[in-house]
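One structure below.
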Amino acid sequence: MQAKPKTPIAQREAALHKRLAELGERLEAIEVELDSHHNPDWEDLATEREGDEVLEATGNAGKAEIGQIRAALARIEEGSYGQCMRCGEDIAEARLDALHWTPLCRSCAP
Ligand SMILES: [Zn+2]
């Protein structure tokens, strides 16, 4: 079987920027939603708080991913993108397709 042709780095970069923009919008929406709950008229506080925890967890996951994406963009800039940060091997294209920002190859990933 032929190896999958390498995806051009510019395409990876575009995908990362797109994802970054999506996450930014989502986080903004979450903050707005959370802010709107600081409302004394709110009736069902317990349910509300539960919802807020979910929102906050989503927000935190989003922030973590943003950090990963920024790091990946920095690696693109310095030319080390696509190489495993631990063992230095090339990260498989299929893995990069699934996780654009991953800094580790499959054998090094936790
Ligand atoms: Zn590795």
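Remember, it's 1-based here, ligands and their atoms both numbered in the order they're listed.
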Keeping to residues at least two apart or across chains, list the side-chain hydrogen bond (donor to acceptor under 3.5 Å, both in side chains) pairs with something in residues 56-67. R19-E65, E65-W101
Kindly say whether T7 contributes a backbone atom to a donor-acceptor pair with the side chain of E93 at under 3.5 angstrom? yes
Between E22 and K18, does any side-chain N to carboxylate O distance fall below 4.0 Å? yes
Please table the atom pairs, donor to acceptor, closer than 3.5 Å between any side-chain atom in residues 79-86 and protein atoms at least two apart or in another chain.
unit_1	atom_1	unit_2	atom_2	d
S80	OG	E78	OE2	3.1
Y81	OH	H100	O	2.5
R86	NH1	C108	O	3.2

Do T102 side-chain atoms and L99 backbone N/O form a donor-acceptor pair below 3.5 Å? no
List in chain and number order the residues that pass side chain to side chain contact (heavy atoms under 4.5 Å, CB included) with R106, two or more places apart in sequence or in another chain; answer none if no residue qualifies. R95
2.8 Å shell around the Zn ion (ligand 1), exclusive bound, protein N/O/S atoms: 4
